[in-house]
Amino acid sequence: MLDDLNEEQRGAATASMHRPAVVLAGAGTGKTTTVTARLAWLVDEGLAPDRLLLLTFTRRAAREMVHRARQRLGPRSGGTVVGGTFHSVAHRLVRFHAEQLGLHESFTILDPSDAADLVDVVREDLGCADGTRRFPRKTTLVDIYSRTVNTQRPLSDVLTTWFPWCSDCCESMAEVFRTYVAEKRRLGLLDFDDLLLYWAALVGDDRTGRHITSRFDHVLVDEYQDVNAIQVAITDALAAQHRGLTVVGDDMQAIYSFRAADPSHLTDFPSRHPDAQVLRLECNYRSTRPILELSNTLAERARPPVRRRLRASRPGGCRAELVRCRDEAGEATAVADAIVALHEEGLALREQAVLVRTAHHSDLLELELARRHVPFVKYGGLRYLDTAHVKDFLAALRAASNVHDTPSWFRLLQLLDGIGPARARRIIDELACADVNLADAWPTPSVPESAREAGSRVLRAIRPSHEVRAGAHAELVLHAIEPLIRARYPHDTSRLDDLRELAAAASGFVQLVDFVSDLVLDGPRSSGDLAGPPHLDDDYLVISTIHSAKGLEWDAVHVLRVTDGAIPSDMALSDSTGLDEERRVFYVALTRARRVLRMSAPDRYYHRPNGRDDAYGYTKLSRFLDAAVLEHADTIRSAEPDPLAPAALGASPPSRRVEIDLDALWR
DNA sequence: GTTGGCTCGATTTTT
DNA sequence: TCGAGCCAAC
């Protein structure tokens, strides 16, 4: 079982299960293989698979590792390893213990944009934004709230450290957050952070805590460099009794500090657990030597320094290339050319990826690829759950699973003719005062004639007279709101197709509330993602933000916009830790490549991405590409053929001399 | 109160 | 380009 592991990996896989272990695993050192092997080894040592808990960063990672561990063990293992993201495991636990936590049994989960909207309502109600002084916007407020909760530090500290420009609003902000917390509780709503908080509370409780922790013999945590203080508290508590805790991570790949993650949780692990075993994986199996040397050189500049230096194990390989292009359009052309050329050489599209710092960096390339009929799937960036029509439908589904979910009712009611924010609010208040079911008391006096019929239809779908399963329920709701969506977004049939796909996905669930929670916690990354990859046997390219590409690898990787302002992002430059993190983001991008690494950088950029004017500025190459790093890459200038060049026009020009004559003008 | 038309401004990364 | 916020007409 351990034969195909190297010495380092075997040591990590078979480290004592009675003491905490921390595995410092560099990029491409076979981390997944090692975790998989450890799971299998633990089972082989006598632990039951379903008494192992695997916490990963994405569900994809959890599924893959559990699957591979089962393959490794073969048929003899009974049961399955319990795996998932922190949030999905938290969700399941909190639902089981809802009553004990004083929560509505059918609580719904707020996605981040709903949370922002609710904060915005509170902000309005309290009159914080009276226009006389600057008060943070809703998304900033949510960031501050989340940072405070996840670092478990007082608001005033958080403000002075990360948001100094609004520390004079501390008082009123505290009031907003107090009200926000109370409102969530009153309405049976939990945001993402609440899931972790309640989980921490459960394991922290004397009796329930013992009950939950006794459920597992060993806990494994992947990507530990990206955990925050609450997640540390949870995992430490889970392992307090049996001491079976394995954490795996790479501080050079810590790229989530904006979410209150702190890589020092990884690096300080041995001081928190003095009996911890420390294991290192430093032999890289992924990238060819030239690519690894480039990324190693970048890693040497990391702050705080990371002392590991990855050893190459793959011989040969060609050097990375830096392609300078005239502008962003030239970059799109050059990258599309390269992708097609590699494909011609026999490299499947699915073995290639395009990585970008922010989602819109690939806009032009996407157009270019569409023009050339190159299929691709894009990950990261704006979720399709955030589009207006999906939010409308989701609001209806949420209202159907939790009658108290006022924000959803607020949105849903406004889809009806003649109901705007004021009436929606009044209707909700009237029904809440009457202390009756919103659905049963309809219509109230405030409901205008124009909204009665459509409204009744929607409500009948939301509260069907007989018991229905999630799939059928979602179909009912969709059917009822379809005319409203049609009226609101005219000549757009693709929106309804999206919703039909979504409704179809509900059939995999019994309870609607489970479907809705699942959607919010691990929603589709793109429309079409619900049905899985577009055509499973089809070959397609991946375009991804660097963040979403973490943990993945491809034969060829194309990194776009390697210019200052993009990589590093100019949003991150206000302090030096931001710059340090951007360096790691770049490092993550480079280390995704197995044998071909192409970076591209346009010389000029247009101020308006899609504007008609031609104001542009000149870019500077990314500051991360200093001379020592560039030693390991070949810089080439992309040749952009001019369609007016004689060669492009076909025949070679006649050699006759052509002159101009202006003499007639001077008479 | 609602709705549609208008201008203006801002734009990371994600469970 | 897209959304948020403002204004005027119904």
Side-chain angles (χ1 to χ4, degrees), chain A residues 55-62 84-91 109-113 115-117 120 124 129 131 137-140 142-143 146 149-150 190-196 199 223 226-228 230-231 254-261 355-361 363 379-383 385-388 413-427 446-448 450-451 487-488 490 517-523 525 544-550 561 565-574 578 581-582 584-586 588-589 606-612:
Chain A
L55 294 169
T56 59
F57 207 66
T58 62
R59 288 200 194 187
R60 213 201 75 257
T85 62
F86 274 92
H87 289 84
S88 70
V89 172
H91 172 235
I109 298 174
L110 287 170
D111 75 41
S113 72
D117 288 343
D120 207 36
E124 289 286 306
R137 292 180 318 161
K138 59 180 177 180
T139 50
T140 315
V142 173
D143 281 351
S146 189
V149 168
N150 284 307
L190 269 67
D191 61 24
F192 281 10
D193 298 330
D194 287 329
L195 291 170
L196 298 184
W199 186 7
E223 307 277 13
D226 287 323
V227 297
N228 62 37
I230 300 182
Q231 291 165 320
I255 54 175
Y256 281 98
S257 74
F258 66 91
R259 223 170 64 184
L355 302 185
V356 290
R357 176 64 182 83
T358 74
H360 68 258
H361 284 162
D363 289 350
Y379 292 93
L382 239 195
R383 294 282 176 115
L385 245 39
D386 283 333
T387 52
L413 287 170
Q414 286 181 84
L415 284 179
L416 298 168
D417 243 6
I419 299 184
R423 286 219 177 99
R425 195 157 229 211
R426 222 163 54 211
I427 294 167
S446 296
V447 179
S450 54
R488 180 160 281 234
S517 313
D518 211 67
L519 212 50
V520 173
L521 285 177
D522 189 30
R525 266 76 179 157
S544 173
T545 58
I546 298 171
H547 283 82
S548 296
K550 196 158 78 140
R561 274 343 129 80
I567 303 175
S569 163
D570 45 15
M571 305 297 290
L573 298 181
S574 49
E581 179 148 312
E582 292 295 305
R584 295 191 295 264
V585 171
F586 189 38
V588 168
Y606 293 91
H607 292 309
R608 285 169 224 284
N610 301 299
R612 270 167 275 287

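The analysis underlying the following values was restricted to heavy atoms, covering all of them including side chains, and did not include hydrogens, waters or symmetry mates. Residue numbering restarts at 1 for every chain, and letters A, B, ... go by the order of the sequence lines.
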Any side-chain to backbone donor/acceptor pair from A:Glu581 onto A:Ser257? Under 3.5 Å, distance only.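 Indeed, once roles are kept as given, a pair shorter than 3.5 Å links the two residues.
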Donor-acceptor under 3.5 Å (A:Ser88 side chain, A:Thr85 main chain):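 Looks like yes, one N/O pair under 3.5 Å.
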Hey, is the side chain of [X] poking within less than 4.0 Å of OP1 or OP2 on [N], counting only N and O atoms?
{"X": "A:Thr358", "N": "B:dT11", "answer": "no"}
{"X": "A:Arg426", "N": "B:dG1", "answer": "yes"}
{"X": "A:Ser548", "N": "B:dT14", "answer": "yes"}

Heavy atoms from C-beta onward define the side chain here; which of [options] lies closest to that of [X]?
{"X": "A:Pro421", "options": "B:dT12, B:dT2, B:dT13", "answer": "B:dT2"}
{"X": "A:Asp417", "options": "B:dT14, B:dG1, B:dT3", "answer": "B:dT3"}
{"X": "A:Ala359", "options": "B:dT14, B:dT2, B:dT13", "answer": "B:dT13"}

Partners of A:Ala62 by side chain to side chain contact (heavy atoms under 4.5 Å, CB included), sequence neighbours excluded?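 For A:Ala62 the side chain to side chain contact (heavy atoms under 4.5 Å, CB included) partners, ignoring immediate neighbours, are A:Thr56.
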Could you tell me how far apart [X] ([atom1]) and [N] ([atom2]) are, to the nearest whole angstrom?
{"X": "A:Asp120", "N": "C:dA4", "atom1": "CG", "atom2": "P", "answer": "10 Å"}
{"X": "A:Leu415", "N": "B:dT2", "atom1": "CG", "atom2": "C1'", "answer": "14 Å"}
{"X": "A:Phe57", "N": "B:dT14", "atom1": "CZ", "atom2": "P", "answer": "10 Å"}
{"X": "A:Arg561", "N": "B:dT11", "atom1": "CZ", "atom2": "P", "answer": "18 Å"}
{"X": "A:Asn228", "N": "B:dT13", "atom1": "CG", "atom2": "C1'", "answer": "16 Å"}
{"X": "A:Phe192", "N": "B:dT14", "atom1": "CZ", "atom2": "C1'", "answer": "9 Å"}
{"X": "A:Arg423", "N": "B:dT3", "atom1": "CZ", "atom2": "P", "answer": "9 Å"}
{"X": "A:Asp363", "N": "B:dT11", "atom1": "CG", "atom2": "P", "answer": "17 Å"}

Please identify each residue that fulfils side-chain hydrogen bond (donor to acceptor under 3.5 Å, both in side chains) with A:Asp194, with sequence neighbours left out.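 Partners of A:Asp194 by the side-chain hydrogen bond (donor to acceptor under 3.5 Å, both in side chains) criterion, ordered by chain and then number, come out as A:Lys184.
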Report the residues that fulfil side-chain hydrogen bond (donor to acceptor under 3.5 Å, both in side chains) with A:Glu582, sequence neighbours left out, ordered by chain and then residue number.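 Only A:Arg357 meet the side-chain hydrogen bond (donor to acceptor under 3.5 Å, both in side chains) criterion with A:Glu582.
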Give [X] one of three labels, base, sugar-phosphate or nothing, depending on what nucleic acid heavy atoms sit under 4.0 Å from its own.
{"X": "A:Phe86", "value": "nothing"}
{"X": "A:Pro448", "value": "nothing"}
{"X": "A:Ile419", "value": "sugar-phosphate"}

Listing time: all N or O pairs from protein to nucleotides 6-10 of chain C that are below 3.5 Å?
none

Stacking check: are the rings of A:Phe258 and B:dT13 less than 5.5 Å apart at their centres and under 30 degrees in tilt?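 Here A:Phe258 meets both the 5.5 Å and the 30° conditions.
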Those residues that, when tested against A:Asp111, pass salt bridge (charged side-chain N to carboxylate O under 4.0 Å, His left out) (two or more places apart):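 Listed in chain order: nothing, the list is empty.
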Salt bridge (charged side-chain N to carboxylate O under 4.0 Å, His left out) involving A:Lys550 - partner list, sequence neighbours excluded: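 With neighbours one apart ignored, the set is A:Glu223, A:Asp226.
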